[in-house]
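What's counted below: heavy atoms across the whole structure, side chains too, no hydrogens, waters or symmetry copies. Below, chain A is the first sequence line, B the second, and so on; all start at residue 1.
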2 protein chains.
Amino acid sequence: MTARYIEIYQQLKTGIVEEKYPADSFLPSEAKIADQFSCSRDTVRKALLRLDEDGFIQKQHGRGSQVLKHSLINFPISGLTSFQELKEVQGLDAATKVVLFETIKSDPSNYHKTAFPIGTNLYHIIRVRNIDGLASVIDEDYFDQKIVPHMTAKIASGSIYDYLENTEKLIIAYAEKSVTAELVTSTDRKWMPNLAVQENRLIQVESRVHLADTTYFQHTISRHRPDKFQFNEFSRRQKTF
Amino acid sequence: MTARYIEIYQQLKTGIVEEKYPADSFLPSEAKIADQFSCSRDTVRKALLRLDEDGFIQKQHGRGSQVLKHSLINFPISGLTSFQELKEVQGLDAATKVVLFETIKSDPSNYHKTAFPIGTNLYHIIRVRNIDGLASVIDEDYFDQKIVPHMTAKIASGSIYDYLENTEKLIIAYAEKSVTAELVTSTDRKWMPNLAVQENRLIQVESRVHLADTTYFQHTISRHRPDKFQFNEFSRRQKTF
DNA sequence: CTCTATTTGTCCGTATGTATT
DNA sequence: TAATACATACGGACAAATAGA
């Protein structure tokens, strides 16, 4: 069922994480890996391409594939990763409180904010994320009810993405994101009571999320405490094409 | 010299940008594109993979490749894109002033900052970026002199990446980046005199940059005016592998 | 709902080019 | 120069998803 190259990707990744292939060492050549797995070199190359993209190895023409230090904990703003997934991966002491759950209709007054066509029925949800007991993120979501018809406050208090993908079987594909530093509002201070008075901005990540068939279904605004905000990323030099 | 699949990528991309293939329409099937270019389907698939990664199309199993709205101007923090390149792509009215150019040796007092081994000879450069006449970014760079032996203040006032790649023929491959919101210092205010007094933080992007052979050669700290900071990104949902 | 045509996804094998050592 | 390793390209086969009759 799962593709052969995915299995090979996973096994090589495990070998890297468990230091069977330590940092700075080279993986076996593509031909040797193909022998080990009794598959074609093409299949191995697909696996190595993913490892390269994910920052586990650096491929080098004529030399081999070198294992990179995977020191950085990935806190991806890029990549579409839910808070719940981050919590699990990073083992955070985190809790979610749903502070608003309502259904609204998109109208001219909020169109600029949500970018949904006027008249679209939406869920409007606000959640506060507490990390180590401190209110650290305010998430405001809008979901198209045509796509997500059975949202509840209970679902919102857990993992919405887990629900969307595993229960509703939606295939979440891509998002346009923008990151800015926005002025603190009185509403922000209400949900983040411990924010120091001299802090005048929150880090805002705004996302428009689409399904695999390009349907636009979610708009999210995440506002982060500036003194707690950090994200780490592995990035490759853009080829100039 | 340039690979066939790159040519195909470029031509399709041009067709999308010039709206020969408008948003929401479908590209011809892989087989048809292969016919048009008299190449194999494998070669077409490589081109489409890049277009998909770059957010120009959405591939859909059994359906085709749909053209996406490419509304967002990419201001990549991810992706390793130099200020000079951004300036050219976005047509910014931007100027660079080199405010510090010195050679130093890495020692215990700055090791935590640069992460270069103690005793490494380094160029230390600080540049202020003015956009529309306003000091908007402070860039602080450290370069390993073993890798970049002939840096000058004149080069630093232009495009260092252009120099590194085209003159020194270095192949810049990847970076570990972190983004945080750091407290404003008196030095920051010196270089950004118009920063409002109530602003207490700058958005900081810190990068450790490596060459294709994994050599670590550059450490950069970019501090952005919070009221001017914005970056947009196209991002895909991480497969859970 | 079934069948079929179309389209993309995966995998294989082979050949040749190019970079590194 | 020669051996090794990755990059590109071709062609074929079958699986899986989609759409429409």
Self-check item: Atom-to-atom span, OH of B/Tyr9 to C1' of D/dT8 - whole angstrom
Solution: 18 Å
Quiz item: Side chains of B/Gln218 and B/Tyr161: donor-acceptor distance under 3.5 Å anywhere?
Solution: yes
Self-check item: Non-hydrogen atoms of B/Tyr123 and B/Val148 that approach each other most closely
Solution: CE1-O, 3.0 Å
Quiz item: Quick check, are the ring centers of A/Phe116 and A/Tyr142 under 6.0 angstrom apart?
Solution: no
Practice problem: Establish, with yes or no, whether the OP1 or OP2 oxygen of C/dT7 is under 4.0 angstrom from a side-chain nitrogen or oxygen of B/Lys59. | Solution: no
Quiz item: Which nucleotide sits closest to the side chain of A/Ser40: C/dT7, D/dC10, C/dC12?
Solution: C/dC12
Quiz item: Between B/Asp52 and B/Arg236, is the closest basic N to carboxylate O distance under 4.0 Å?
Solution: yes
Quiz prompt | OP1 or OP2 of D/dT4 under 4.0 Å from side-chain N/O of A/Lys32 | solution = no
Exercise. Considering just the side-chain nitrogens and oxygens of A/Thr43, establish if one lies under 4.0 Å of OP1 or OP2 belonging to C/dC12.
Key: yes
Practice problem: Report the residue (B/Gln60 or B/Arg4) whose heavy-atom-nearest nucleotide on DNA chain D is the more 5′ of the two. | Solution: B/Arg4
Quiz prompt | Spacing between A/Leu211 atom CG and D/dA17 atom P, to the nearest angstrom | solution = 17 Å
Quiz item: Does a side-chain N or O from A/Arg41 land closer than 4.0 Å to OP1 or OP2 of C/dC12, or not?
Solution: no
Exercise. Go through D/dC10, C/dG17, C/dT7 for me and flag the one nearest to the A/His61 side chain.
Key: C/dG17
Self-check item: Separation of atom CD in B/Gln66 from atom P in D/dA19, rounded to whole Å
Solution: 10 Å
Exercise. Return the value, rounded to whole Å, for the distance between atom CZ of B/Phe37 and atom P of D/dT8.
Key: 17 Å
Quiz item: Is there a side-chain polar atom (N or O) of A/Arg45 under 4.0 Å from OP1 or OP2 of D/dA7?
Solution: yes
Quiz item: Ion pair present between A/Arg41 and A/Glu30, side-chain N to carboxylate O less than 4.0 angstrom?
Solution: yes
Practice problem: Check the distance between D/dC6's P and A/Leu48's CG and give it to me in whole angstrom. | Solution: 8 Å
Quiz item: In whole Å, what is the span from the NZ atom of A/Lys46 to the C1' atom of D/dA7?
Solution: 16 Å
Quiz item: Does A/Tyr5 put a side-chain nitrogen or oxygen below 4.0 Å from OP1 or OP2 of C/dT10?
Solution: yes
Self-check item: 5′-ward residue of the pair B/Gly62/B/Ile171 relative to DNA chain C
Solution: B/Gly62
Practice problem: Please tell me which of B/Asp42 and B/Glu30 maps to the more 5' nucleotide of DNA chain C, matching each residue to the nucleotide holding its nearest heavy atom. | Solution: B/Glu30
Practice problem: Output yes when at least one side-chain N/O atom of A/Arg63 is less than 4.0 Å from OP1 or OP2 of C/dT21, else no. | Solution: yes
Quiz item: Just how far, in rounded Å, is C1' of D/dC6 from CG of A/Leu49?
Solution: 13 Å
Quiz item: Roughly how many Å is it from CG in B/Asp35 to C1' in D/dG11, rounded to a whole number?
Solution: 13 Å
